[in-house]
Amino acid sequence: MPLVLQRLKQVQKGETFHLFEARLFTQSKETISEIMELLQAKDMDANTKFHLVNILIHSDLSLLEPYLDVLAHSEDLNKRIQTRMNITNLENDALFDAFEHFIKEAYGKYFNDIDTFYCDQLIHELAHRKSVSPDYILHVLDSYNPDDFGYKTIFYTQLAGEMQLETAIPLLCSLVGAEDDVLPETAVKALVRIGTESVITTLVEKYAAASEEYYSLFASGVFGKIKLPASEKALLALLPNEDDITNATILADGLCELGSTISIPLVQELVENGYDSGLLNLKETLYAHCIMSDALLPQRNIWKLELEEENKRRAKRTNEINRQFSNKSPVPILAPLKKMDNIGRNDPCPCGSGKKYKKCCCNA
């Protein structure tokens with residue numbers, strides 16, 4: 001987190017800096033103090049404020065105590081902090097009952113209509129206390145019914161991940177191929193959270209043989225996020241045999257994410273022969289990987305110039321959008337941006353990150 005804050009202080013005027021998953025980083029007294037100072041800056045853009053506030057919301061409650069009076073000025077922020085305090089004060093039975101009641105009340109609702117923050121805090125506290133029987137969690141996962149429009153399997157999948165329940169790995173791997181808009185992504189996050197070699201082994205076994213239409217699409221994103229030698233080995237074996245250009249792009253991105261130097265020629269070949277550029281900028285990923293690994297490819301300087309030109313075009317578009325909204329009322333310092341009810345999970349996120357809504361602020 002100190003590195004994130006250091007980079008944030010170096011942001012140039014007109015530059016947009018996306019914090020994304022920084023809310024998951026461990027905070028300290030020093031980082032919380034710096035965040036509070038940054039939020040007071042008059043020239044801080046609304047997007048950055050949104051993410052900084054989101055970091056505060058997910059920080060250790062004891063670190064926020066010296067600032068509760070200031071944070072109380074934001075009704076939404078204060079409400080969320082109070083929600084977390086109330087949850088931590090629940091007895092085990094009451095906590096479990098609250099979780100089950102939430103699942104029951106969520107039945108039939110659209111995912112965006114659910115208070116996922118409240119649910120996340122319930123799951124986090126249940127996992128911290130380990131107050132739910134692993135056998136019961138396995139029973140719920142094993143009872144998955146694709147025709148059921150409830151959220152029980154989804155939230156217990158999340159709980160299995162939070163508890164790093166290794167016995168749930170086979171069931172979680174099977175749920176990666178579920179025909180559902182939320183469950184496969186939840187299963188992927190749970191597997192990454194568990195993060196053991198057994199996850200890699202089980203996924204590799206199912207990857208090529210899976211009959212589900214989108215199994216490989218979701219599974220391909222797991223390997224690069226688990227920083228183990230087994231992950232690199234799996235990706236190096238899977239990529240040359242992957243015929244789907246989208247899956248191949250994700251696998252190649254995973255190799256770069258792992259910092260695999262042996263894979264650079266393989267990824268370079270994909271960049272030069274064509275990849276799914278609508279999904280991500282693999283050239284940018286490979287360039288960053290080459291810089292960090294000090295790989296002196298002849299194309300590196302060419303890629304640098306191309307990426308700089310793309311960044312200039314993106315900055316120009318951002319400035320044009322900012323000028324259109326320059327006369328709008330400023331966002332209060334501690335007020336997070338509200339989610340837009342009419343944004344679909346697969347629509348571009350309104351924060352301007354370029355990611356899909358479900359991959360960005362939908363989970364904030």
Side-chain angles (χ1 to χ4, degrees), residues 3-22 25 43-48 50-51 217 220-221 223-225 227 231-232 235-236 239-240 242 244-324 346-361:
L3 292 176
V4 173
L5 294 173
Q6 180 181 343
R7 173 65 180 88
L8 183 57
K9 293 175 183 178
Q10 298 169 356
V11 172
Q12 302 295 317
K13 185 176 181 181
E15 179 186 0
T16 301
F17 183 68
H18 297 286
L19 299 173
F20 295 129
E21 304 296 333
F25 295 163
D43 57 347
M44 182 67 66
D45 66 279
N47 174 74
T48 304
F50 170 82
H51 287 290
L217 176 66
S220 57
F223 303 104
K225 292 179 172 57
K227 315 304 182 187
S231 298
E232 181 184 28
L235 287 169
L236 289 171
L239 180 54
E242 181 55 75
D244 185 281
I245 193 65
T246 299
N247 295 344
T249 300
I250 299 172
L251 294 172
D253 184 65
L255 283 165
C256 292
E257 195 172 356
L258 289 173
S260 170
T261 54
I262 194 174
S263 70
I264 289 178
L266 195 61
V267 179
Q268 181 185 352
E269 181 181 354
L270 188 61
V271 167
E272 293 174 348
N273 294 336
Y275 64 95
D276 189 347
S277 58
L279 177 71
L280 56 86
N281 191 338
L282 187 59
K283 184 185 296 183
E284 183 175 42
T285 305
L286 179 57
Y287 173 73
H289 175 29
C290 288
I291 293 295
M292 289 186 288
S293 62
D294 199 26
L296 299 174
L297 295 182
Q299 299 87 342
R300 205 172 84 170
N301 290 334
I302 298 175
W303 294 341
K304 179 182 179 182
L305 293 174
E306 291 175 349
L307 293 170
E308 286 176 348
E309 286 300 315
E310 175 58 29
N311 287 335
K312 288 178 182 178
R313 290 193 293 269
R314 188 183 299 120
K316 183 178 179 180
R317 290 196 298 268
T318 301
N319 289 334
E320 290 173 353
I321 293 173
N322 289 340
R323 279 198 296 270
Q324 293 177 13
N346 290 308
D347 291 340
C349 189
C351 80
S353 66
K355 290 191 172 187
K356 291 182 179 181
Y357 182 52
K358 66 183 180 184
K359 292 288 189 179
C360 194
C361 294

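Heads up: numbering here begins at 1 and tracks the sequence.
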Beyond-backbone contact of R300 with I291, side-chain heavy atoms, under 4.5 angstrom: yes

Tell me whether the count of non-hydrogen atoms from other residues, nucleotides or ligands lying under 6.0 Å of CD1 in I262 goes above 12. no

Can you measure from CG (L8) to NE2 (H51) and round to the nearest 0.5 angstrom? 11.0 Å

Do Y275 and N281 come within less than 4.5 Å of each other through their side chains, counting heavy atoms only? yes

Which pair of non-hydrogen atoms, one from A252 and one from L282, has the smallest distance, and what is that distance? CB-CD2, 3.9 Å

T285 OG1 to L255 CG distance, which is reported to the nearest 0.5 Å: 11.5 Å

Do you know which two heavy atoms are closest between A248 and L270, and how far apart they sit? O-CD2, 3.6 Å

Between S231 (side chain) and K227 (backbone), is there a donor-acceptor pair under 3.5 Å? no

D276 versus T249, closest heavy-atom pair with distance: N-OG1, 3.0 Å

N/O donor-acceptor pair under 3.5 Å between S293 side chain and T261 backbone: no

Could you state the interatomic distance from CG (D253) to CD (E284), rounded to the nearest 0.5 Å? 10.5 Å

Heavy-atom closest pair, residues L217 and N247: CA-OD1, 3.2 Å

For K283, which of E306, Q268, E310 qualifies under side-chain hydrogen bond (donor to acceptor under 3.5 Å, both in side chains)? E306

A quick test of your reading: do over 12 heavy atoms of other residues, nucleotides or ligands sit less than 6.0 Å from NZ of K304? no

Contact between L3 and R7 at the side-chain level, heavy atoms closer than 4.5 Å - yes or no? no

For a quick test of reading the model, state the closest non-hydrogen atom pair linking L236 to S263 and the distance between them. CD2-CB, 3.8 Å

Output for pair (M292 CE, C256 SG), nearest 0.5 Å, gives 8.5 Å

Which atom names give the shortest non-hydrogen contact between T48 and L19, and what distance separates them? O-CD1, 4.3 Å

CG of L297 to CH2 of W303: how many Å apart, nearest 0.5 Å? 5.0 Å

